[in-house]
Amino acid sequence: MAVRVQEEAFDAGAELNAFSKTGTDVGGIVSFTGLVRDVAGGLDVMEIEHYPAMTERAIAGIVSEAQARWSLADVLVIHRFGKLRAGETIMMVATASKHRADAFAAADFLMDYLKSRAPFWKKETTGEGAAWVESKAEDEDALKRW
Amino acid sequence: MAVRVQEEAFDAGAELNAFSKTGTDVGGIVSFTGLVRDVAGGLDVMEIEHYPAMTERAIAGIVSEAQARWSLADVLVIHRFGKLRAGETIMMVATASKHRADAFAAADFLMDYLKSRAPFWKKETTGEGAAWVESKAEDEDALKRW
Amino acid sequence: MLDVMYFAWVRERIGLPKERVETQAATVMDLVDELRGREERYAAAFADLSALKVAVDQELAEFDAPLKGVREVAFFPPMTGG
Amino acid sequence: MLDVMYFAWVRERIGLPKERVETQAATVMDLVDELRGREERYAAAFADLSALKVAVDQELAEFDAPLKGVREVAFFPPMTGG
């Protein structure tokens, strides 16, 4: 299991390939990559703030919960903070399992929890000014699925 | 949308990175990579047979169904045939969407249908001989989820 | 005239991947019955139809599918892709 | 003595990311009430608690959480990770 919280860009494809060399009892790997979407008016920058003392621990807790619920050979979480532009990769989750159902469910679960329970906040700046991205009721509702 | 059925190995990470340059209205990309698992006794080779005249058409039909059900910016399916060794990548699916729920559901759906409705058959050879991989009742049952 | 194709263990049991078959069979099931009558290896391959699937002109079909106008029929075990 | 931290628009509204607070507050809610009484910018930041979350010693908590033995309290809007 690896959790990385970093400012620097990372190469999602290279991470996926490295993660895929995870052993010969793994039949499937699911990855999710989150990208900065452009917004109406044109995004100048997305700034991601986080709570350093809490972030890695909160993510590790979410990963532990996933490992308790599903049979996982390995889990990877990378999440960036700082300034990003439209199209850049914000974060990535990958899960490796013997069977695909576990890998899919765990990746989906991890994303739902990272979205609403890991201490990151996004601020978008466009030509019209800056605004904090608001959490959505549907993101909180998504947690009830699990 | 791209569907490739090929004998040659491919670089899943490079494919993911190329696929991720799919436009600035994409917020999430889900990928699934299927690997050859080792088996008891040690796998000498996995041989994948397919039905060339039917394969790409069958996969394109499954992809069309996914595109009708979810809002997808792009879909990629790569599936190999021929001889593979333990640890090699058999196939990959990737879905790109504005919102993560669509990307996750579509990738999960595509895998369930590729498993049981795309004309591929796997044969495993170990020190104890060769045997065709049997389909599982749970794979057929998985289709009823959709 | 039909192209009849066999895949995976059906191909191995019958001993060939493809053949041209002269037939008046009205449905896939009629064709199966004709093939079963040919030789033991066909009878063995078609012994348990619940273990087989069929495609008609490269589309999955049922065993009662009509063959009128059809050019290609394929028999195989359940797929194991992915 | 508590370290009190603010993130996102809470930080912007209060105008600082972190401060040391001398308090006898028994719960997070008591602390919030003390802070509200300080200055208008605090009252504004804590106007609608349903829009805020709190972490106590780096774990998500409720507003009625006790502060005995606690070293760090953080206030922030709902997270938007992923």
Side-chain angles (χ1 to χ4, degrees), chain A residues 3 5 32-37 46-62 77-81 84 89-93 107-125 129-143, chain D residues 1-21 23 27-28 31-32 35 40-82:
Chain A
V3 173
V5 178
F32 177 88
T33 322
L35 306 177
V36 181
R37 271 198 287 144
M46 170 181 275
E47 197 156 359
I48 302 178
E49 178 171 338
H50 78 126
Y51 181 179
M54 179 174 170
T55 313
E56 291 200 24
R57 203 212 297 193
I59 296 175
I62 295 167
V77 178
I78 305 172
H79 203 303
R80 293 176 64 191
F81 58 90
L84 288 85
T89 302
I90 302 174
M91 53 84 63
M92 139 174 222
V93 156
D108 202 0
F109 170 93
L110 287 167
M111 284 310 305
D112 278 354
Y113 273 83
L114 289 171
K115 199 93 187 167
S116 306
R117 291 292 180 270
F120 293 97
W121 300 274
K122 293 178 183 141
K123 187 182 195 173
E124 292 172 340
T125 301
W132 291 95
V133 174
E134 289 188 42
S135 67
K136 294 184 202 131
E138 67 198 63
D139 286 330
E140 192 66 30
D141 289 346
L143 301 184
Chain D
M1 289 290 282
L2 271 179
D3 283 324
V4 182
M5 308 185 70
Y6 310 110
F7 292 96
W9 59 254
V10 183
R11 172 179 55 70
E12 291 180 336
R13 213 165 284 186
I14 292 177
L16 77 177
K18 183 175 173 171
E19 59 186 320
R20 303 269 292 166
V21 175
T23 179
T27 67
V28 171
L31 173 64
V32 167
L35 293 168
E40 175 51 31
R41 57 196 168 105
Y42 288 93
F46 290 107
D48 176 12
L49 291 192
S50 74
L52 287 184
K53 291 193 172 278
V54 61
V56 168
D57 283 344
Q58 295 133 30
E59 297 267 4
L60 279 177
E62 303 295 328
F63 280 85
D64 60 3
L67 291 182
K68 193 173 156 69
V70 165
R71 303 168 62 174
E72 184 171 306
V73 175
F75 296 100
F76 41 78
M79 292 91 141
T80 52

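Numbers restart at 1 for each chain; the letters A, B, ... are given by sequence-line order, proteins then strands. Given the structure is predicted, the values throughout are model-derived calculations rather than measurements.
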[atom1]-[atom2] distance between [X] and [Y], expressed to the nearest 0.5 angstrom:
X: A:S116; Y: A:M111; atom1: OG; atom2: CE; answer: 10.0 Å
X: D:I14; Y: D:L35; atom1: CD1; atom2: CG; answer: 7.0 Å
X: D:M5; Y: A:Y51; atom1: CE; atom2: OH; answer: 5.0 Å
X: A:L84; Y: A:I48; atom1: CG; atom2: CD1; answer: 5.0 Å
X: A:I62; Y: A:L114; atom1: CD1; atom2: CG; answer: 5.0 Å
X: D:F7; Y: D:L52; atom1: CZ; atom2: CG; answer: 13.0 Å

Short N-O contact, A:E49 and A:K122, less than 4.0 angstrom: no
Chain A-proximal positions within residues 69-82 of chain D [heavy-atom distance under 4.5 Å]: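 Under the 4.5 Å heavy-atom cut-off, D:E72, D:A74, D:F76, D:P77, D:P78, D:M79, D:T80, D:G81, D:G82 qualify.
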Pick one of side chain, backbone, both or neither for [X], based on which atoms fall under 4.5 Å of a heavy atom in chain D.
X: A:R117; value: both
X: A:E47; value: neither
X: A:K123; value: side chain

Option in A:Y113, A:W121, A:F120 with maximal non-hydrogen atom pairs under 4.5 Å from chain D: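 Of the candidates given, the most pairs with chain D belong to A:W121.
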Which portion of D:A55 sits near chain A, non-hydrogen atoms under 4.5 angstrom: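 Answer is side chain: those atoms of D:A55 sit under 4.5 Å from chain A.
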Contacts of residues 52-61 of chain A with chain D (heavy atom under 4.5 Å):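 Listed by number, the contacting residues are A:A53, A:M54, A:R57.
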Minimum-distance pair of heavy atoms, taken over all atoms of A:A130 and A:T125: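 What the structure gives for the nearest pair is CB-OG1, 3.6 Å.
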Which atom of D:F46 lies closest to which atom of D:L49, heavy atoms considered: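 D:F46 and D:L49 have their closest heavy atoms at O-CD2, 3.7 Å.
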Over 12 non-hydrogen atoms of neighbours within 6.0 angstrom of CD in D:E19: yes
Ring geometry between A:F81 and A:H50 (parallel below 30°, tilted from 30 to 60°, perpendicular above 60°):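 Plane angle under 30°, so parallel.
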Close side-chain approach of A:I90 and A:L35, heavy atoms under 4.5 Å: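 Side-chain contact under 4.5 Å: no.
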